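The sequence lines fix the lettering, A, B, ..., with proteins before strands; numbering per chain opens at 1. Keep in mind that what you see is a predicted model, and the values were worked out from it rather than measured.
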4 protein chains.
Amino acid sequence: MGGETDNKARILEAAAAEFAERGFDGARVDSIALRAGVNKALIYYYYSNKEELLDLLFLETRDAVLGLIESIHFRERDLSSPEALTAMLTAFLELMEERQNVVRVILMELSKRTPINTRIFELVEEVMNAMFAMTAGVLEITATNRASHMVTEFFTGIMPLLNYVAYHEIWMERYHAEESVLRAQFIESFLGTHFAYTFAEVNGKGDSASE
Amino acid sequence: MGGETDNKARILEAAAAEFAERGFDGARVDSIALRAGVNKALIYYYYSNKEELLDLLFLETRDAVLGLIESIHFRERDLSSPEALTAMLTAFLELMEERQNVVRVILMELSKRTPINTRIFELVEEVMNAMFAMTAGVLEITATNRASHMVTEFFTGIMPLLNYVAYHEIWMERYHAEESVLRAQFIESFLGTHFAYTFAEVNGKGDSASE
Amino acid sequence: MGGETDNKARILEAAAAEFAERGFDGARVDSIALRAGVNKALIYYYYSNKEELLDLLFLETRDAVLGLIESIHFRERDLSSPEALTAMLTAFLELMEERQNVVRVILMELSKRTPINTRIFELVEEVMNAMFAMTAGVLEITATNRASHMVTEFFTGIMPLLNYVAYHEIWMERYHAEESVLRAQFIESFLGTHFAYTFAEVNGKGDSASE
Amino acid sequence: MGGETDNKARILEAAAAEFAERGFDGARVDSIALRAGVNKALIYYYYSNKEELLDLLFLETRDAVLGLIESIHFRERDLSSPEALTAMLTAFLELMEERQNVVRVILMELSKRTPINTRIFELVEEVMNAMFAMTAGVLEITATNRASHMVTEFFTGIMPLLNYVAYHEIWMERYHAEESVLRAQFIESFLGTHFAYTFAEVNGKGDSASE
DNA sequence: TATGAATGAGTGTTCATTCAT
DNA sequence: TATGAATGAACACTCATTCAT
């Protein structure tokens, strides 16, 4: 995206690729320059340092995700339409797959025991809140059930999605799986687990695990 | 294994802590020495280099997990006993929480686009295979359904478990949650999603999301 | 010389300010451009490099000093007139204070053990020679006393003057001194030391230090 | 001073030499390592950064000067003994000449318009105060004359001394002067100017220091 | 078993200078 | 005359690893 000579954008893309390959700490500014096909000093002409590259990548991804979520008009009847749900998930996964390099870094940084992961946790939190807002008309979240809803949302919702984005390529390589098949399998599992569980009561199938 | 002066063991623990805080690439051998309270050169007396520390940590954790899984005699009637399932999961989580530093590094390295993550993927795979073996008497895995079973197992089973181990502390800090409460919430979600879905047919509750 | 848009002159002034703040080596071409409010590349349009800026500043200052000295018609009767001497010194100090940025750099460069300081020493030497010429009718400098005269002139004459120019602002700030008061104090000290000593014989007080 | 393998001390000496040649900003850590005959990284093993080298050099010099001044028992009758005064000055100059590299840097930094020169000004101030303390029994410094005494002490006392230390070598080279002769000339000028003026009243006003 | 000293190869970043327009 | 973009060559500082004892 961008003209062939848009070095500024190319640097950012190159940074994402390098970060995804070696992690932020393992990433070398020299390599970023090499990937982008520019002089190393040019990176510092456009960006103030290595960390700013990471920050900008995070922000761009956050905005893209929030934008997508906000554009969705989620309705109760969608719940009983596997097609609607699949379409929704597919849109989300495709958006994220374009940014899978950033997702990989997010997952790496999130696991660190450093204050830095607080910043990233806030990012994830924003997404969770946006999702809660999206399902507000369908799912009733009260003060009492909010905590456990968040746990479910995070560990069986958001994280599996991010994991799929980050690991589907390794999976495809390793098990010679085709993208479309793998994605269909994942979506089926995801709907059968997280969705089924989350919307059990709403869906009138109130006999799932809880209670 | 563990006298007060057992510098060799202390170095390994210190390495795990350092890796968990800064990632493998961000980790400093100086810091490991400092944490372990030993001279930096001593690390090289016991271990050949930084990477060997990582490898040994991975192997120890793998062995511990495989050992636990092999010790479990999983039976069909466990499926209908939430207590049995909870006990099983609790044992697993506690074992892993003791090694959460290593789990964090596993997650970090797994996200990298480097050949290194192949090695880690193999580790995860071993665990998955052990689990399949464990449920062999209960769950029928055929050549045709193996692929999708693996997808489910990985993305909605293993990964959420590892994520819980890696992130529960951040979660507790951030949302002022108590460990026992949080774990109960997680286990409930996990049983309600992954378990319910995986053992749906076996359990005679054949109306879950799939199909 | 000096319309509002005279970027060329503004660059030179900015360079002097930057050099005075950080020294020649500490000075940044970016900062000079910023101070001058021009594009960095424009500096290279007008001047060939950083060092030329320094050279031009030195030369301008030398010419100004030499011009002032040559304009003075020093006569024996001035020696007994504190007013005349004070006026002379005041003129010199004011001229130099306008160029105090350059004086600061001169002092910095003079202290370096590099060939560069030879160039600057020559500058100082020119001033010393001009001063000797100025006092030629009053003071008798012979082949035998020339060496010690020069030592006196340099260490108790020129250098204290340059030091006053360079340090009076720090002094004012640090000791909350008013400029006029401080200058009066300095001139009094200077007349009481260097002048009194140099013109001791001439002044009919023929029993001062030099034999 | 120190065994041949005392790298730590050699680094500091090398730093002083490098700083004196190129100024602090112009100094290259590589060059310091080269001069000291050690690996560059060793510098950082012993010292935390380039600036610490400068600080330590300043402190060592300050302590040496203060130590010398405090060891002097200055008495009124010394004023009329050129030998005593010369011996005193010689001791001071020799001490400083051993540290002339540091003195050069002090002069360079002192001329900068940066907050850093405040720190150095404080150093000089300490020396001035010690000198005032030294002459306390001989010279009467009151609240009213303190300010002008300080001006005299600084601009016609301390600074010419430091200048001599910093510039005598250039002078010797440039004018083919012998060290002992040059120093004698300087001391004579210094006694004839600064000393004569400062102790004029005490000395019966008229027959200044050198007989 | 243990350590203080030492080092080669980087590592992110800066900077004076040049180029294309 | 003026500028945004670009670069080669450093630069201070770091780091995993080794050595001598």
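- Taking atom CD1 on A:Ile32 and atom P on E:dT11, their separation rounds to 13 Å, with Å as the unit.
- Rounded to an integer number of Å, the gap from CG of C:Leu54 to C1' of E:dA16 is 15 Å.
- In this structure A:Phe121 satisfies the ring-ring contact (aromatic ring centres under 6.0 Å, His included) test together with A:Phe154, sequence neighbours excluded.
- Put simply, CG on B:Leu34 is 13 Å from P on E:dT3, counting in whole angstrom units.
- At a threshold of 4.0 angstrom between heavy atoms, the contacts of C:Tyr47 with the nucleic acid are absent.
- For B:Lys50, the salt bridge (charged side-chain N to carboxylate O under 4.0 Å, His left out) criterion is met by no residue, not counting sequence neighbours.
- With sequence neighbours excluded, the residues that form a salt bridge (charged side-chain N to carboxylate O under 4.0 Å, His left out) with D:Arg119 are D:Glu51, D:Asp55.
- Among residues two or more places apart in sequence or in another chain, the salt bridge (charged side-chain N to carboxylate O under 4.0 Å, His left out) test is passed with B:Glu18 by B:Arg22, B:Arg35.
- A salt bridge links A:Arg62 and A:Glu126; the closest N-O separation between the charged side-chain nitrogens and carboxylate oxygens is under 4.0 Å.
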Enumerate donor-acceptor pairs with a distance under 3.5 Å from any side-chain N or O in residues 41-48 of chain A to protein atoms, sequence neighbours excluded.
from    : atom 1 : to      : atom 2 : distance (Å)
A:Tyr47 : OH     : A:Lys8  : O      : 2.8
A:Ser48 : OG     : A:Glu52 : OE1    : 3.0

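- As a whole-Å value, the separation of D:Asn7 CG from E:dA5 P is 10 Å.
- Stem regions for DNA chain E, each three or more consecutive Watson-Crick or G-U pairs with both distances under 3.5 Å and listed by first number, read E:2-21 with F:2-21.
- Following rounding to the nearest Å, B:Tyr45 (OH) and F:dT21 (P) show an atom-to-atom distance of 18 Å.
- One atom, CD1 of A:Ile43, and another, P of F:dG8, lie 13 Å apart when rounded to the nearest Å.
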Take B:Arg104 and B:Gln100 through the test side chain to side chain contact (heavy atoms under 4.5 Å, CB included) and record every step on the way to the result.
-> CA-CA 6 Å; B:Arg104 283 165 184 267; B:Gln100 65 163 293; 3.4 Å; yes
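- Near DNA chain E, meaning a heavy atom under 4.0 Å from it, residues 106-119 of chain D has no residue at all.
- C:Glu60 meets the salt bridge (charged side-chain N to carboxylate O under 4.0 Å, His left out) test with C:Arg99; sequence neighbours excluded.
- Applying the side-chain hydrogen bond (donor to acceptor under 3.5 Å, both in side chains) rule to D:Asn101 yields the partners C:Arg113; only residues at least two apart in sequence or on another chain are considered.
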B/S/- contact track for nucleotides 11-18 of chain F, protein heavy atom under 4.0 Å = SSBBBSBB
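- Annotation: side-chain hydrogen bond (donor to acceptor under 3.5 Å, both in side chains) contacts of A:Thr61 (sequence neighbours excluded): none.
- The side-chain hydrogen bond (donor to acceptor under 3.5 Å, both in side chains) test applied to A:Asn49 returns no partner, not counting sequence neighbours.
- Here E:dC19 presents its P atom at 17 Å from CG of A:Leu42, a figure rounded to the nearest Å.
- Nearest-nucleotide positions on DNA chain E place B:Gly37 closer to the 5' end than the other of D:Tyr46 and B:Gly37.
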